[in-house]
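Residue numbering restarts at 1 for every chain, and letters A, B, ... go by the order of the sequence lines.
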Amino acid sequence: MRWQHAFIPTLRDDPADAEAVSHRLLVRAGFVRQLMSGVYSLLPLGFRVCQKVTGIVREEMDRIGAQEFRLPALHPGEIWKQSGRWSVVGEEMFRLQDRRGVDVCLGMTHEEIFTTLALELRSYRDLPQIWYQIQTKFRDEARPKSGVLRVREFTMKDSYSFDLARSGLDSAFQRHFDAYRRIFSRCGIETVAVEASSGAMGGSESVEFMVASDAGEDHIASCGACGYAANVEKATSALPEIDDEGSASSLEKFATPGVRTIDDLVAFEGGAPPERQIKTLVYVLDGSPALVLLRGDHALVEQKLRDATGAVEARPAHPGEIRQALGASPGSLGAVGVRDLLVIADLALEGRRGMTTGANEDEVHVRGVDVARDLDVRAWHDLREVRAGEACPLCGGALAVGKSIEVGHIFKLGTRYSEALGVQVLDEAGASVPIVMGSYGIGIERTMAAVVERCHDAAGIVWPVPVAPYEVVVTVVNPNDVPTAEAGAQLYEALLSAGIDVILDDRDERPGVKFKDADLVGIPYRVTVGPKGLAKKQVDLTRRRDGQSTALDLSRAAETVIEAVLEERR
RNA sequence: CGGGCCGUAGCGCAGCUUGGUAGCGCGCCUGAAUGGGGUUCAGGAGGUCGCGGGUUCAAAUCCCGCCGGCCCGACCA
């Protein structure tokens, strides 16, 4: 490609509405443009990067024996009704009707469609299978943001494994785990694999591949000492024991005028420190109110509540609903004596005594609560959010909590979909058994953005060679100087015929403009061809990532550059 | 879905309070010089002021409605 003829609309100024680094740079360097909220066009540079990413994904998927498909993005609503997800996924699915009034939707993922194809698997001899595609997904996100990181239309590699038994699924899952490790590492980003909640996908186990970044929206807890890592939706920690000996042992109501919060009660004369308080939250789980109990200084993770109860919808109750359920307002709520509501408690409250909580009378609390004696807890679950500095549940080391971007997610689905859609095979004994499934996703544009989040500096993007839109730019300092232009073109041809992704910057621009653009776009190697160097029969090779520059003899320049690029291609 | 903010030239912005010929920087086009980190000079093109309605002699500016976008939070496979 000659830059002169390329569509690379770089901007001198940062776009005003871009906050995230990847958003700012991908727009400014001419990789993407927004069409509407959460919908982006990939420009030639952006498309080239995504092609590199999907190329790596294909190689690694093929390596684990996966077969590529191409499924429709337009789905009949019927099949989603069969799996039960038509009603579960809610407003996040784009839905429409065709001219006959038939429900149709745009695919947010393809479990249903691949599972339908799997109906043609008849015998255990047909298994195992791993099927995948690289396809556009549609999700009507409530709040698209951060450029291409969180969007409503995006490309996803999604694969699905089909096995006769649990052990086969374990193996397919492990192979995906290894493949994902290789994929992201080849893309030049470090990922942390974390335990995650399976959410509405269902299934028993899931692992997310996370890239640490402030632009990310997930919080993960990790232990530097032993490597434990989990999404805070799933993470736990070890808490120091609290000695309740000597605390008040009999129930005693007391007036607490003006006390509305945990902190108020801490400051209140005769109150209690947060770890001696019981926080009472009223949640509506699929339409029914329930009390959720936590220690005063702990925060609820709603996803844990959903996972623990199996509720699809879990929302805080409105003030009116709370008053109806308990007869008091938030700030004075408690579970003492509550028999007619589901009471769910966090494990950190188990066995505690001498606790203080609301009395279900406004501005009245009760002390001396013995959890086992006074509360009718129906279910115990881990519900609290871990905090940085708490002890690792495995080794006791201090946990760190940081933001990160989810670039991949792998699930063990089990038989949820095969049972819903009737996918069975005959096993060796001739019995019909549901196929055991797994599903595995990678966000392509999100991976591109994650690379930018990790690989950039003040001047622009710094692409790792394997995903760079071009590996080398040959910059002609002065294209009007014939010998310079010719030397540049020759070098360009030599690199091109060696299979290097090279672009020749032959624009009639000041050298500074061309250097700035090359840095902004992030091309890993720049060969500068100019009259000064040519006078010594030399050109300069500059490495983007550290700016290191070396003079090369013109005669050996192509060879040296090719070597450097191939070295980093992997 | 709640809160805040913003739509004026390709990009970044001023003008709106107090109604009266639509501006600036960068970019773009032409010419010249220049040529190793966003160079300089001269000339030029480019705007339904988000959309619709209203008030007015007159609306980018005031009023009403709508649409779109951004940020924070809620939510999220």
Side-chain angles (χ1 to χ4, degrees), chain A residues 7 9-20 23-24 27-30 33-39 80 83 85 88-93 107-112 137-147 149-152 154 156 158 196-203 206 208 217-218 231 233 302-303 306-307 312-316 318 406 408-411 413 416-417 439-441 443 459-460 475-481 484-485 488 505 507-520 526-536 538-540 542 547 549 551:
Chain A
F7 183 63
T10 58
L11 304 174
R12 195 177 279 243
D13 300 312
D14 277 334
D17 53 13
E19 202 97 326
H23 185 193
R24 187 167 55 77
V27 171
R28 186 145 101 86
R33 285 295 183 264
Q34 179 173 291
L35 181 63
M36 60 176 177
S37 177
V39 179
W80 284 78
S83 75
R85 292 207 289 180
V88 173
V89 294
E91 291 186 305
E92 209 173 315
M93 185 155 67
M108 353 183 23
T109 175
H110 282 72
E111 276 78 11
E112 280 79 358
K137 306 290 190 220
F138 299 88
R139 296 181 187 180
D140 195 0
E141 291 283 348
R143 183 146 109 77
K145 57 180 288 200
S146 306
L149 274 175
R150 185 177 184 76
V151 288
R152 300 197 292 170
F154 60 98
M156 185 181 211
D158 51 321
S197 158
S198 301
M201 289 290 286
S206 86
E208 289 171 328
E217 300 182 89
D218 285 280
N231 195 304
E233 290 182 349
E302 288 192 358
Q303 189 62 47
R306 279 191 203 94
D307 290 346
V312 171
E313 187 207 34
R315 62 166 175 87
H318 305 132
E406 176 191 351
H409 201 161
I410 59 180
F411 297 87
L413 294 176
R416 180 195 188 302
Y417 295 91
S439 97
Y440 317 86
T475 304
V476 177
V477 170
N478 179 2
N480 296 320
D481 179 58
T484 305
D505 195 347
R507 291 176 297 169
D508 188 8
E509 288 285 353
R510 301 285 305 187
V513 172
K514 290 182 274 200
F515 295 153
K516 290 282 187 194
D517 271 349
D519 289 348
L520 177 61
R526 185 183 84 219
V527 184
T528 311
V529 183
K532 285 184 188 169
L534 288 178
K536 293 180 283 181
Q538 287 184 331
V539 294
D540 286 310
T542 306
S549 199

Whole-Å C1' distance, B:A22 and B:U61
12 Å
Taken to the nearest whole Å, CZ/A:R139 to P/B:C75 is 18 Å
Closest to the side chain of A:R12, out of B:C72, B:G35, B:C26, is B:C26
- prompt: When you compare B:C66 with B:C29, how far apart are their P atoms, in angstrom units rounded to a whole number?
  reply: 43 Å
Using a cut-off of strictly less than 4.0 Å, decide whether A:R33 has a side-chain nitrogen or oxygen near OP1 or OP2 of B:G10. no
Quantified in whole Å, what is the P atom distance between nucleotide B:A14 and nucleotide B:C62? 15 Å
Scanning all shown strands, the Watson-Crick or wobble mate of B:C1 with both distances under 3.5 Å is B:G73
Of B:C26, B:G36, B:G69, the nucleotide closest to the side chain of A:V477 is B:G36
Rounded to whole Å, CE of A:M108 lies from P of B:C76 at a distance of 12 Å
**Report entry** Close side-chain approach of A:P144 to A:V151, heavy-atom, < 4.5 Å
**Finding:** no
Quick note, A:R306 side chain, CB onward, closest among B:C72, B:U34, B:C76 is B:C76
Under a 3.5 Å limit on both distances, the Watson-Crick or wobble mate of B:G52 is B:C64
Review point. NA contact type, A:P15, heavy-atom cut-off 4.0 Å: base, sugar-phosphate, or nothing?
Key: sugar-phosphate
In Watson-Crick or G-U wobble terms, with both distances under 3.5 Å, the base opposite B:G10 is B:C26
In A:E111, A:R85, A:E112, the residue satisfying side chain to side chain donor-acceptor pair (under 3.5 Å) with A:Y417 is A:R85
Assess whether a salt bridge exists between A:D158 and A:K137, defined as any Lys/Arg side-chain N lying under 4.0 Å from an Asp/Glu carboxylate O.
yes
Checking N1-N3 plus N6-O4 or O6-N4 for Watson-Crick, or N1-O2 and O6-N3 for wobble, each under 3.5 Å, the partner of B:G47 is none
Determine: side-chain N/O of A:K514 to OP1/OP2 of B:G35, distance under 4.0 Å, yes or no. no
Check your understanding: Does any donor atom in the side chain of A:D517 or A:T10 lie under 3.5 Å from an acceptor atom in the other side chain?
Key -> yes
Pairing partner of B:U39, by Watson-Crick or G-U wobble and under 3.5 Å for both distances, is B:A33
Review point. Does NZ or CZ of A:R139 fall inside the cone over A:F154's six-membered ring, less than 6.0 Å from its centre and within 45° of the axis?
Key: no
Testing B:G36, B:C70, B:G35 for proximity to the side chain of A:S37, the answer is B:C70
Note to self: Could you check whether A:E19 pairs with A:R24 (Lys NZ or Arg NE/NH1/NH2 to Asp/Glu carboxylate O, under 4.0 Å)?
What the structure shows: no
Ranking A:Q34 and A:D540 by the position along RNA chain B of their nearest nucleotide, the one closer to 5' is A:D540
Which is true for A:G533 with a 4.0 Å heavy-atom rule: it touches a base, it touches only sugar-phosphate, or it touches nothing?
-> base
Against the side chain of A:K145, the closest entry in B:C75, B:C71, B:C70 is B:C71
From CG of A:D508 across to C1' of B:A33 the rounded distance in Å is 12 Å
In whole angstroms, the gap separating C1' of B:C70 from CD of A:E19 amounts to 9 Å
Per atom distances to the A:R526 side chain, the nearest of B:C75, B:G37, B:C72 is B:G37
>> If I pick the C1' atom on B:G7 and the same atom on B:G20, what distance separates them, to the nearest angstrom?
In response: 24 Å
Inter-nucleotide P distance (B:C26, B:A42), Å rounded:
12 Å
Checking B:G35, B:G12, B:C75 against the side chain of A:A142 (C-beta onward), the nearest is B:C75
- prompt: How far does the P atom of B:G47 sit from the matching atom of B:C41, given to the nearest Å?
  reply: 27 Å
Rounded to whole Å, CG of A:D481 lies from P of B:A33 at a distance of 15 Å
- Task: For B:G35 and B:A45, measure between their C1' atoms and round to the nearest Å.
- Result: 27 Å
When A:A16 and A:R152 are each assigned the nearest nucleotide of RNA chain B, the 5'-most assignment goes to A:A16
Against the side chain of A:R28, the closest entry in B:G12, B:G73, B:G38 is B:G38
With the side chain defined as heavy atoms from C-beta on, A:E92 is closest, among B:G35, B:C71, B:C76, to B:C76
Atom NZ of A:K516 and atom C1' of B:C26 are separated, to the nearest Å, by 15 Å
P gap between B:C63 and B:G19, integer Å: 12 Å
Q.
Tell me whether A:D140 is salt-bridged to A:R152, with the criterion being a basic N under 4.0 Å from an acidic carboxylate O.
A. yes
Separation of B:G35 atom C1' from A:R507 atom CZ, nearest Å, is 14 Å
Looking only at B:G38, B:C76, B:C71, the nucleotide nearest the A:R150 side chain is B:C76
**Study point:** Side-chain N,O (A:R510) to OP1/OP2 (B:G38) below 4.0 Å
**Key:** no
Separation of B:C28 atom C1' from A:F7 atom CZ, nearest Å, is 14 Å
Rounded to the nearest 0.5 Å, the CD atom of A:E91 sits from the CE atom of A:M93 at a distance of 11.5 Å
